[in-house]
Amino acid sequence: MDQKEIKMYGRTKAQIDQDDAEGFGHPMIRIMGLMSDAQELMSMGMNEKARQVLNVAKYLISKHGFRDLEVAA
């Protein structure tokens with residue numbers, strides 16, 4: 001399983017969860033930062049790494065959802 005996770009995310013889910021637990025600020029702000037990182041990686045032609053970073057962002061969105069996030073109409 002670890003090899004599949006590493007191929008998908010660039011690291012294991014356990015490592016992602018550990019980093020997430022130690023993160024500062026609202027999870028969605030951190031996720032938006034990951035998506036910005038992926039955009040930068042794409043601009044540098046690092047598409048495989050960008051794909052992995054986006055997969056991490058999607059995993060964290062599925063984990064945290066949109067709870068406690070104020071949305072302006």
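- In terms of heavy atoms, Lys63 sits closest to Asp17 at NZ-OD1, 3.1 Å.
- Looking at every heavy atom in both residues, Leu34 comes nearest to Val56 through CD1-CG1, 3.8 Å.
- Asn55 places none of its side-chain heavy atoms less than 4.5 Å from the side chain of Gln52.
- In plain terms, the two heavy atoms of Lys7 and Arg51 that are nearest each other are O-NH2, 2.9 Å.
- Of all the heavy atoms in Lys13 and Glu5, the pair that sits closest is N-OE1, 3.0 Å.
- Nearest heavy-atom pair across Ala57 and Met35 is CB-CG, 4.0 Å.
- Remark: Ile31 CD1 to Leu54 CG distance equals 12.0 Å, nearest 0.5 Å.
- How far OH of Tyr9 is from CG of Leu60: 9.0 Å, rounded to the nearest 0.5 Å.
- Clustering ILVMFWY residues whenever any of their side-chain heavy atoms sit less than 4.5 angstrom apart, transitively, puts Met8 in the very cluster that holds Met46.
- By the 6.0 Å contact criterion, CE on Met42 is enclosed, its count of non-hydrogen atoms from other residues, nucleotides or ligands being greater than 12.
- With contacts defined as side-chain heavy-atom distances shorter than 4.5 Å, the pair Met44/Glu40 qualifies.
- Nearest heavy atom pair, residue Ala38 against residue Ala50, reads O-CB, 3.6 Å.
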message: Please evaluate residues Tyr59 and Asp20 with respect to the criterion side-chain hydrogen bond (donor to acceptor under 3.5 Å, both in side chains), reporting the C-alpha separation (whole Å), side-chain torsions for both, the decisive distance (0.1 Å), and the verdict.
response: CA-CA 11 Å; Tyr59 169 71; Asp20 185 48; over 6 Å; no
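- Checked by atom type and distance alone, the side chain of Gln15 pairs as donor or acceptor with a backbone atom of Thr12 at under 3.5 Å.
- By the 4.5 Å heavy-atom criterion applied to side chains, Arg11 and Ile16 are counted as neighbours.
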